[in-house]
Protein chains: 2
Amino acid sequence: MSQARPRDPAEPGSGSARGIPEATVARLPVYLRALTALTERGIATASSEDLAVTAGVNSAKLRKDLSYLGSYGTRGVGYDVAYLRYQIAREIGLTQEWPVVIVGIGNLGEALANYAGFSSRGFRIVALVDADSDRVGETLGTLRIRPLEDLQDLITEHQVSIGVITTPAGSAQSVADRLVAAGVTSILNFAPTVISVPSGVDVRKVDLSIELQILAFHEQRKAGHAGALDAADVESA
Amino acid sequence: MSQARPRDPAEPGSGSARGIPEATVARLPVYLRALTALTERGIATASSEDLAVTAGVNSAKLRKDLSYLGSYGTRGVGYDVAYLRYQIAREIGLTQEWPVVIVGIGNLGEALANYAGFSSRGFRIVALVDADSDRVGETLGTLRIRPLEDLQDLITEHQVSIGVITTPAGSAQSVADRLVAAGVTSILNFAPTVISVPSGVDVRKVDLSIELQILAFHEQRKAGHAGALDAADVESA
DNA sequence: TAGATTGTTAATCGATTAACAATC
DNA sequence: TAGATTGTTAATCGATTAACAATC
């Protein structure tokens with residue numbers, strides 16, 4: 001466990017010690033975005049309360065989260081926005097550029113390929129791959145769509161460690177297998193299916209219809225909604 | 001708190017009692033999908049272990065989650081796939097159809113408008129809205145893109161309670177305000193910004209670049225990755 | 001010094017999990 | 001009855017939060 005004594009940001013390894021809670025890791029990008037927003041507003045120093053409001057979290061949680069990285073604030077003053085922003089970017093690994101491959105160039109894959117928010121945050125899409133021979137050869141932005149057979153070579157050539165799957169559910173597992181075999185160790189899966197990977201490979205899943213279903217669950221329980229009556233009918237039947 | 005005595009699924013209200021944990025709610029759609037997959041494989045009965053493997057969770061967790069809904073299994077046997085599937089669908093609110101409006105028809109909005117996964121799960125996109133007068137009037141599938149001024153009327157006409165925001169960050173808050181003013185009480189926000197809404201309105205956020213950043217954080221910490229060296233360099237500097 | 005705000009503690013809350021009595 | 005598997009308990013773990021001593 002970590003010692004109670006104050007940590008010095010200059011002490012090598014102090015801030016990057018293992019054991020940053022997953023919940024904290026998931027919020028670091030949110031803080032990064034909030035700091036960017038403050039920078040754009042010309043704000044150089046911000047209190048944990050300012051930052052928390054911008055990020056949409058509670059300030060005690062924010063201070064606790066930041067404390068896992070080190071002591072980057074000044075008591076009585078707050079945080080230097082530019083400095084904290086750099087420290088968080090470094091912690092996440094955004095001081096380097098991450099080459100990314102997208103497999104499955106349907107509507108969603110195409111939208112991601114064109115999404116400016118990736119490149120502006122340290123990710124560079126270096127290859128687009130599709131199994132459909134009709135789409136192969138087509139150019140999207142500056143990239144030509146490549147066949148699945150080229151996947152291994154593309155990953156090796158660009159030293160890709162992060163892959164994005166935007167194929168239909170049926171192809172997702174075999175694509176994941178190929179990505180892993182080629183050396184990819186992080187996968188962002190948009191296909192509506194569970195994929196299995198060896199330990200050591202991280203998978204995150206984004207599921208658009210699941211998000212809507214969670215909203216529907218709560219919506220159904222709100223008073224005044226027509227659905228609430230329907231549900232009661234089913235129940236007493 | 002819930003009583004320790006066994007609950008009867010036939011008892012009105014038993015399964016739908018408030019207090020289903022959020023973490024459980026978020027997994028119900030995953031179980032629903034797993035049950036659908038089992039149905040497609042022609043499997044009529046499944047144990048919690050079968051279901052858990054298909055859904056990618058641990059079976060103790062799955063049984064605990066299902067216990068919040070009621071007692072839908074049979075000891076020594078397992079769960080009837082079709083029956084459990086119906087019960088979960090009912091619990092989520094998918095026995096009715098949910099009309100949805102999408103605001104912001106860029107690459108992502110267009111991809112969502114064409115996404116078959118929504119309609120097959122009880123959501124129907126009833127309106128596409130964009131602020132750009134160049135896109136207004138264009139037809140996507142069976143829907144014509146409508147101007148922002150029509151938003152209120154569309155929501156009233158179709159009794160929409162769920163809205164999807166796929167605008168740039170800068171427009172998201174004003175769109176959210178208009179959605180709420182028009183009566184929407186659930187929002188799925190794809191814009192890379194925090195939006196504020198009155199209490200009683202649910203917002204879920206999907207942030208594509210945040211998912212990639214979380215992967216990058218872990219990737220950076222994996223041995224053998226070039227980035228690991230870079231980070232160490234920065235740190236000791 | 002007085003005021004402000006961090007970083008940390010400790011209490012609380014919620015989620016996960018193994019284990020097993022209940023029961024089909 | 002014997003075997004299988006649920007539904008529930010209770011222990012554990014992790015996350016959140018209020019409060020405040022430390023300190024700028």
Side-chain angles (χ1 to χ4, degrees), chain A residues 1-9 11 14-15 17-28 30-31 43-81 83-84 87-88 214, chain B residues 1-9 11 14-15 17-28 30-31 43-81 83-84 87-88 214:
Chain A
M1 290 300 143
S2 62
Q3 296 292 333
R5 72 184 169 77
R7 295 189 221 158
D8 184 341
E11 184 186 352
S14 66
R18 277 330 74 81
I20 299 183
E22 257 314 296
T24 297
V25 170
R27 281 187 295 264
L28 293 181
V30 178
Y31 300 153
I43 295 170
T45 306
S47 68
S48 62
E49 182 60 28
D50 296 338
L51 235 179
V53 168
T54 311
V57 302
N58 141 337
S59 68
K61 189 192 287 186
L62 178 134
R63 286 199 302 280
K64 186 109 177 75
D65 284 341
L66 295 185
S67 77
Y68 292 110
L69 311 187
S71 287
Y72 296 138
T74 306
R75 288 168 201 245
V77 177
Y79 299 89
D80 181 280
V81 171
Y83 179 63
L84 182 58
Q87 293 300 339
I88 293 180
I214 295 169
Chain B
M1 290 298 146
S2 60
Q3 295 292 332
R5 72 184 168 78
R7 294 190 223 159
D8 184 342
E11 185 186 350
S14 67
R18 277 332 73 81
I20 299 182
E22 255 317 293
T24 297
V25 171
R27 281 187 296 264
L28 293 181
V30 178
Y31 300 154
I43 295 170
T45 306
S47 69
S48 62
E49 182 62 28
D50 297 337
L51 235 179
V53 167
T54 310
V57 302
N58 143 335
S59 68
K61 189 193 285 186
L62 178 133
R63 286 199 302 280
K64 186 108 176 76
D65 284 341
L66 294 185
S67 77
Y68 291 111
L69 311 187
S71 287
Y72 295 138
T74 306
R75 288 168 201 245
V77 177
Y79 299 89
D80 181 280
V81 171
Y83 179 65
L84 182 58
Q87 293 300 339
I88 294 180
I214 295 169

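Proteins get letters first, then strands, A, B, ... in listed order; numbering begins at 1 in each.
- For residues 65-75 of chain B, every residue pair satisfying the salt bridge (charged side-chain N to carboxylate O under 4.0 Å, His left out) rule, not counting sequence neighbours, is listed here: R27(B)-D65(B).
- Note that OH of Y83(B) is 9.5 Å distant from OG1 of T74(B), once rounded to the nearest 0.5 Å.
- Closest of all the heavy-atom pairs between I88(A) and L66(A) is CD1-CD2, 4.0 Å.
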Under 3.5 Å donor-acceptor pairs involving side-chain atoms of residues 46-57 of chain B, not counting sequence neighbours:
| from | atom 1 | to | atom 2 | distance (Å) |
| --- | --- | --- | --- | --- |
| S47(B) | OG | E49(B) | N | 3.3 |
| S47(B) | OG | D50(B) | N | 3.1 |
| S47(B) | OG | D50(B) | OD1 | 3.4 |
| S47(B) | OG | D50(B) | OD2 | 3.3 |
| S48(B) | OG | R63(B) | NH1 | 2.9 |
| E49(B) | OE1 | S59(B) | OG | 3.2 |
| D50(B) | OD2 | S47(B) | N | 3.1 |
| T54(B) | OG1 | D50(B) | O | 2.9 |

Shorter than 3.5 Å, N or O on both sides, protein versus nucleotides 2-4 of chain C: list them out with atom names.
none

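- Shown here for Q87(A) and Y72(A), the closest heavy-atom pair between the two residues is OE1-OH, 3.4 Å.
- Residues from residues 45-55 of chain B with heavy atoms under 4.0 angstrom of DNA chain D, sorted by number: S47(B), S48(B).
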Per-nt protein contacts along nucleotides 10-19 of chain C (heavy atom under 4.0 Å; B base, S backbone sugar-phosphate only, - none) come out as B----SSBBB

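- Summarising the geometry, the separation between OH on Y31(B) and C1' on dT6(D) is reported as 15 Å, rounded to the nearest angstrom.
- Rounded to an integer number of Å, the gap from CG of L69(B) to C1' of dT6(D) is 14 Å.
- For the pairing with T45(A), the side-chain contact (heavy atoms from CB on, under 4.5 Å) check across L84(A), V81(A), V77(A) returns one residue only, V77(A).
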Pairing of DNA chain D as dot-bracket, 5' to 3': ( ) intra-strand, [ ] crossing, | other strand, . unpaired, with Watson-Crick or G-U pairs under 3.5 Å?
-> ..||||||||||||||||||||||

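- For dG7(D), the OP1/OP2 oxygens have a side-chain nitrogen or oxygen of Y79(B) closer than 4.0 Å.
- Residues forming a side-chain contact (heavy atoms from CB on, under 4.5 Å) with K64(B) (at least two apart in sequence, or on another chain): Y68(B).
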